[in-house]
Number of protein chains: 2
Amino acid sequence: MEKSPEKNLVQLSLSEEIFQKLREAIIVGEIPSGSKLSEPALAKRYGISRGPLREALSRLEACSLIERHPNIGASVVELSQQRLIEIYHIREVLEGLAARQAAYSITQPEITGLRGLLEQHKVDIRQDNGHAYFQKEGDFDFHFRIIQASKNDHLISLLCNDLYYLHRLYRYQFGMPSSSRSNAAFKEHENIVDAIENRDVELAEILMRRHIKASRLNVVKQLNSGINDKIISYTKKATDK
Amino acid sequence: MEKSPEKNLVQLSLSEEIFQKLREAIIVGEIPSGSKLSEPALAKRYGISRGPLREALSRLEACSLIERHPNIGASVVELSQQRLIEIYHIREVLEGLAARQAAYSITQPEITGLRGLLEQHKVDIRQDNGHAYFQKEGDFDFHFRIIQASKNDHLISLLCNDLYYLHRLYRYQFGMPSSSRSNAAFKEHENIVDAIENRDVELAEILMRRHIKASRLNVVKQLNSGINDKIISYTKKATDK
DNA sequence: ATGATCAATATTGTCGACAATTTAGCGAGT
DNA sequence: ACTCGCTAAATTGTCGACAATATTGATCAT
């Protein structure tokens, strides 16, 4: 998500670099959910002192990716279905707001770009039978484009940083369904772009909220049916607690 | 907002303690918006080393209260009307969600407590001619109660931590209007509680969103009319840029 | 007077060491 | 076998020092 060309020209501090590496390691499960983080071990692994590492841990805590307790240490958050659903609800209203504000603020070049993106996605769906549709990130992501078009900097920061990585964490760990809704999701995207292009702020918000809600309900359905093996394992854990 | 009794029994780390102190100093304007933060000066002022101070700065950055640039240092964020309005929009949809979820999840004792709070507020309004209505914080705050009743932990964290302090920063610095809408706001609160008590999730959300939107429009009106001296000074700054 | 250059000073980023706290392992007692 | 107490080791929190970078002020040239 940090795709700004300017940013790439600035030398990152060690703490920022380690923050990003740890975030990625947590999201892909290299550092498993629930596991204890040892500062000396991490410092050794990345070849740095504990000072900048602690700064990075501070930031990861602020992102809700880890929990820290004084004198005890840090651990990666436990994942739960409840938290996943909570995050979906929040994303629903925030992305609804993004669509509303995009319908107000979007520029013609941005609309053109959105249309082009949808055309490309249509091709992707045909070639991969829907498999690729939820794999794109950053500038190639439909949602990312809408959020940027909202021109609400704080909202962009909320959705494209903290919540984005939390969502990625759950998607990665829970192996979210990627192909079962491709055609429906694509159609919903088209309708959302129509509403945005028509500057229909109310409809854009409603359609985006429905779109996210449909994804949530789809996830809930699979959680409840136990189709996904990964989801079963987490379901069992949640029951034990 | 950190009113949990358990939390008070845990000895705070220096970095947490300094984080809270700096946050408060920024919010009340003791450290003015836009000003440069000197690590050596702050470390001397609080009598600590720069290590935990840097951790606290890391967290303040994550809260959007300061900005940090590698090798240059940290400064308190500049306040702008645009950012204030952005934050209002975000609060509108998130507090709307909180009201919706509270209408679903609230317990009878919580409702009883809300009614008691409203009765107390009615007395406050009569005694202080509305002046006290926006001064309560924490458990005495109407919004806080609704958010807690949503039972959405992540939403509670979002609204009661980051956004809460940002909003306080703007309220403190901009000297938000406190008495011009008291009676109307109180009536809106009553209607919201009615909807929540009736488990009418849609109405609760709509009414809460309208309530926040009315506050936003009230602020915008005063920003545009230049009634408030503090707001004028910030208006002038925004124009200069 | 203005702008460029350079050196001194200050600040930021990081390191390794020390103090405080927690954890893990072992032995003794029941 | 289980529990408790103790000690050593590990970890966490903080400190002060050093290296790298940025800022400031003085001097010189135009």
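Order of the sequence lines fixes the chain letters, A, B, ..., with proteins taken first and strands second; residue numbering starts at 1 for each chain. Everything quoted here is computed from the prediction, not taken from an experiment.
- Not counting sequence neighbours, the partners of A:E95 by the salt bridge (charged side-chain N to carboxylate O under 4.0 Å, His left out) test are A:R91.
- With sequence neighbours left out, the salt bridge (charged side-chain N to carboxylate O under 4.0 Å, His left out) criterion links B:R209 to A:E205, B:E92.
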Which atom pairs, one a donor and one an acceptor, fall under 3.5 Å between side chains of residues 104-111 of chain A and the rest of the protein, sequence neighbours left out?
residue	atom	partner	partner atom	Å
A:S105	OG	A:Q101	O	3.1
A:T107	OG1	A:E110	N	3.3
A:T107	OG1	A:E110	OE1	3.0
A:E110	OE1	A:T107	N	2.9
A:E110	OE1	A:K151	NZ	2.8
A:E110	OE2	A:K151	NZ	3.2

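- DNA chain D is contacted by A:R54 of residues 52-65 of chain A, taking any non-hydrogen atom closer than 4.0 Å.
- Within 4.0 Å of A:I18, counting heavy atoms only, lies no atom of the nucleic acid at all.
- By the salt bridge (charged side-chain N to carboxylate O under 4.0 Å, His left out) test, B:K213 is found to be paired with no residue, residues two or more places apart in sequence or in another chain being considered.
- Rounded to whole angstrom, the span from the NE2 atom of A:H69 across to the P atom of C:dT21 amounts to 18 Å.
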For residues 53-77 of chain A, which side-chain N or O atoms pair as donor and acceptor with protein atoms under 3.5 Å away, sequence neighbours left out?
residue	atom	partner	partner atom	Å
A:R54	NE	B:E55	OE2	2.8
A:R54	NH1	A:E39	OE1	3.3
A:R54	NH1	A:E39	OE2	2.8
A:R54	NH2	B:E55	OE2	3.4
A:E55	OE2	B:R54	NE	2.9
A:E55	OE2	B:R54	NH2	3.4
A:S58	OG	A:R68	NH1	3.3
A:R59	NH1	A:E16	OE1	2.3

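- Side-chain polar atoms of B:E86 and B:Q82 form a donor-acceptor pair below 3.5 angstrom.
- With D:dA22, C:dT21, C:dT23 as the candidates, the nucleotide lying closest to the side chain of A:N71 is C:dT21.
- Of the residues in residues 42-50 of chain A, those with a non-hydrogen atom less than 4.0 angstrom from any atom of DNA chain D are A:R50.
- Rounded to a whole Å, the CD atom of B:E39 is 14 Å from the P atom of D:dT23.
- Taking atom CG of residue B:L12 and atom P of nucleotide D:dT12, one finds them 19 Å apart after rounding to whole Å.
- Here the side chain of A:P70 is nearest to one of D:dG13, C:dT11, C:dG13, namely D:dG13.
- In this structure, CD1 of A:I72 is placed 9 Å from P of D:dG13, rounded to the nearest angstrom.
- When distances are taken from the side chain of B:S38 to each of C:dT11, C:dT23, C:dT14, the shortest belongs to C:dT11.
- Side-chain atoms of A:Y165 do not come within 3.5 Å of backbone N or O of A:E24 as any donor-acceptor pair.
- In terms of the salt bridge (charged side-chain N to carboxylate O under 4.0 Å, His left out) criterion, B:K44 has no residue partners (sequence neighbours excluded).
- Comparing A:K36 and A:S13 against DNA chain C, the residue whose closest nucleotide sits nearer the 5' end is A:S13.
- Among residues two or more places apart in sequence or in another chain, the side chain to side chain contact (heavy atoms under 4.5 Å, CB included) test is passed with A:A102 by A:I146, A:A149, A:I196.
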